[in-house]
Amino acid sequence: MPTVVLPDGSSRDYEGAVSVADIAASIGAGLARAALAGRVDGELVDTSFVVENDCELAIITARDTDGLEVLRHSCAHLMAQAVQRLFPEAQVTVGPVVEDGFFYDFAYERPFTPEDLEKIEAKMREIVSENLPVERSVMSRDDAIATFEGMGEKYKVDIIKSIPGDEALSFYRQGDFIDLCRGPHVPETGKFKAFKLTSVAGAYWRGDASNEMLQRVHGTAWGDKKDLEQYLQRLEEAEKRDHRKIGKKLSLFHFQEEAPGMVFWHPKGWAVYQVIQHYMQKLQQDNGYQEIRTPQLVDYSLWERSGHADKFAEQMFSVESDSRLYAIKPMNCPCHVQVFNQGLRSYRDLPLRLAEFGSCHRYEPSGSMHGLMRVRSFTQDDGHIFCPESSIQDEVAIFMELLFGVYKDFGFDDIILRLSTRPEMRVGSDELWDKSELALKQALNSSGLPWELLPGEGAFYGPKIEFSLKDCMGRIQQCGTIQVDFSMPERLGAQYVAEDGSRQTPVMLHRAILGSFERFIGVLIEHYAGAMPVWLAPEQVVIMNITDKQAEYCESVQKTLANKGFRASADLRNEKVGFKIREHTIAKTPFMLVAGDREVETGSVSVRTREGVDLGSMPVDAFVEHLSAAVARLGRTEAN
RNA sequence: GCUCGCAUAGCUCAGAGGUAGAGCACUUCAUUGGUAAUGAAGAGGUCUCCGGUUCAACUCCGGAUGUGAGCACCA
C-alpha cells in the first residue's frame, strides 16, 4: 500500500506496487503522455520503475532540466540505432549529453558526410514513428562482454571491461538496438518531438590523441519544436556576434597568412585596446602596482632554469643570433623575478607588486587558434606579487576586490569562481599546499560568492583561482586568475631579508585580470555585438553636415569635442544625411550629430543614438555634458 | 598536431574542363538633399601557392599554406 507524495505536497495511495507510468496516468492522461522518467526519493528512474513503498515522487517531463537530459541521452541512443541500421559496420562507443544536446562517437571505415547526417536524421524519424518500447535489462559483466563480443562491438567490450566493480550492469534495448547505459531513458522512441543533427567531426577514442580517431556526430534535442527553433536562433545570434566577423565589418583588426595567430590592429581596434590599457594602467598605479617592462628575447638558459623549457620547449619560438639561442618570451614571470632580484630586498619592500603589459609569443598548435580568443602573439595584463607566505590570503582578497570592480566596469556582473587544488605531480611540501589552499579558500569564502572546487587541476607549482565571466549569450569565458607559486622564486633565487635578519624566499602570486588583451577584446566584442559602451567605443561621436554650408561648423564642433578628449570625427562627405546615418549606425558609433542651417544658427547639434533614439537638438555644451556622463558610466548598468 | 570541410575583385558571395560574374565598397561626374541606402559612368581578378592529368585546368588529382567545425593541447 504505497503512499506517494508529489512535489506539490499532495499524496496518493495505491493498492499495491505501481509503476511510475501508472502513477502518471492516474494523475492525468496529459501527464502520462509527457512522462519521460520519474524521480523517486531524489533518484531518477525509468517510467517502468515499480514503486513498492512509500516515497516522494516527481514525474519528469521535457520541462524539467533532468527530463531534457533524459530526452537527449535517449536521443543519442536513437541516433546510434539509426547509424547502425544504415551502416551495420559502424561500431558504437559512447554517447553522452552535453550542453544543449548530445553526441555519439562511432568507429567507421570512413568519415560521415553531411549527406550521411541527413540520412541518419531521416532514419531517426523512421524509428520515432515505429514507437519502439525502450526496455531496461540487467546482465552480468561476463554475459555483457560475451554479448557485445558476439556483436563485434569491441569498443563496448573495452568500456564494459574498464568499469570498476563487479556488480551487474544495466542495458537498454529498443527494437534491434541495445546499449550499455545507466539510464534512465524515455519509455518509447515515439517521445522525440524536436531534434536535429548539427555537425560531424573527428574525436579521439577515450579523448587520447595517441588513440585512433572516431566520428563524433553532434545533435540537439528539445521538448518541442518551438524550443528547438529558439535554440537554432540562438546559434544564429551567436554567429552574428562572432568577433571575427564583427572585427572585419567594423575594421577593428585583421589576420593574414604571413602571421598566423597574430593580430594586425587597425586604428579602431587599437583605439579600444588603448582605452583598456590606459584604464588598467591607472587602476594598477592606484592599487600599489609598479609597472615594468622586460625584454622580448631572453637567453634560453633562463627558461631552462625556470623549468619552462622542459615542459614547453615545443611551444616556444626561438631565435639564434651570435651563436646564442634566445627564446621569444612565452611568459613574463621569470623576467619579473629578475627585476625582483636586483638589489637586496627587505621584508619592508613586501608585498612588492610588479605589473607589465607583457607581450608573449607561444607556438600554439595550429588547430587551436581561434580569432582573438587564442593567438600566438598576445599581451597579458600580467602582474606578480612577491610576499611572505603569511600575506597570501590578504593579497588574494585585495586582488579579488580589484578584479570584481574591473569586471563591473566592463559590464560583466556574473562572475564564476573556481579553485584548482594540488595535482598529482607537484612541487612543495604538503604543509605548504595545505596552507596556500586554505588561504585561497578563505579568500573565496570571505568574498561571499559561490565557488567551485576543481580538485587536482592546480598548476604543478601551486593552487590557483580562475575567474570566468558569463557573457550575454550565457557563455563562460575564463579571463582572470591568481596563482600561488612556491617554486619559481626558489628556482630563480629570489630572496629577501626578514625581520630577524635571515634570508627568506618569498611566495610569488601570478595574477591577471583581463588575461590577454586580445582575448578580452574578443569577449567584449561578442558580449556587446560590436556596440561597445561609450567609454570603449573607438569612435564616440560623429558629426555630419546636411549640405556643404555647414561644413565649417561641423569641423569646429568636432574640434571642440576632440579637445575635450572625446573620440569624435566629422563626416562631411557629399552624401545624403540618411546615408551617413545608416553607415554610422552600422558602424555602431554611439552618438550621431547632425548639423543643418537650424543648428548652425542656434549653435546646437541634433543628437541621434545608434539605437535610433532621437535626443533632439541641444546646445553643444549640453551634449558634452550628456557625453561625459555616458563615458563616466563606463560599462556599468544603472544598478551598479 | 589529428579528422573532415573551405580558399574566386577590398568585402559578401555566384560560377561551367575551353583563361570569369553580382551586390556593396572604390574613382569620376551630376546632385546640396533634415535622421537606416540619390543617380550615372568607370576602374578593379596570374580564380591562395607548388606540382600532376589533359590539346586545354579557376574547374579534375596530389601536396603546401591559411582558415572553419570538432578533438587533443593551453605555462
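For the numbers below, each heavy atom of this structure counts, side chains included, while hydrogens, waters and symmetry mates do not. Letters A, B, ... are given to chains in the order of the sequence lines, protein chains preceding strands, and every chain is numbered from 1.
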Pick the [atom1] atom in [N] and in [M], then give their distance to the nearest Å.
N	M	atom1	value
B/U27	B/G66	P	34 Å
B/A16	B/U48	P	16 Å
B/C61	B/C2	C1'	23 Å
B/C60	B/A69	C1'	26 Å

>> Are A/Phe591 and A/Phe623, when compared by the centres of their aromatic rings, separated by less than 6.0 Å?
In response: yes
> Do the two ring centres, one from A/Phe195 and one from A/Trp222, sit under 6.0 Å apart?
Replying inline: no
> When the ring planes of A/Trp270 and A/Trp265 are compared, do they come out parallel, tilted or perpendicular, using 30° and 60° as the limits?
Replying inline: tilted
> Touch check for A/Arg608, heavy atoms < 4.0 angstrom, all strands: base, sugar-phosphate only, or nothing?
Replying inline: base
>> Evaluate A/Arg293 against A/Gln296 for side chain to side chain contact (heavy atoms under 4.5 Å, CB included), listing each step before the verdict.
In response: CA-CA 9 Å; A/Arg293 183 80 180 167; A/Gln296 291 302 301; 4.1 Å; yes
> For A/Gly612 and A/Leu214, take the nucleotide of RNA chain B holding the closest heavy atom to each; which residue's nucleotide lies nearer the 5' end?
Replying inline: A/Leu214
>> Pick the closest RNA chain B nucleotide for A/Asn574 and for A/Gly367 by heavy atoms, then say which residue is nearer the 5' end.
In response: A/Gly367
> Between A/Lys156 and A/Thr93, is there a donor-acceptor pair closer than 3.5 Å when you use the side chain of the first and the backbone of the second?
Replying inline: yes
> Mind checking which nucleotides bracket the chain A contacts on RNA chain B, 5' to 3', with an atom under 4.0 Å from a heavy atom?
Replying inline: B/G1 to B/A75
> In this structure, which one of A/Lys464, A/Gln380, A/His384 forms a side-chain hydrogen bond (donor to acceptor under 3.5 Å, both in side chains) with A/His510?
Replying inline: A/His384
> Would one find more than 12 heavy atoms of other residues, nucleotides or ligands at under 6.0 Å from atom CD of A/Glu121?
Replying inline: yes
>> Defining pairs by Watson-Crick or G-U wobble geometry with both distances under 3.5 Å, how would you list the stems of RNA chain B with at least three pairs each?
In response: B:1-7 with B:65-71, B:10-13 with B:21-24, B:26-30 with B:38-42, B:48-52 with B:60-64
>> Check for me whether A/Arg216 meets the cation-pi criterion with A/Phe103, that is, NZ or CZ under 6.0 Å from the six-membered ring centre and within 45 degrees of the ring axis.
In response: yes
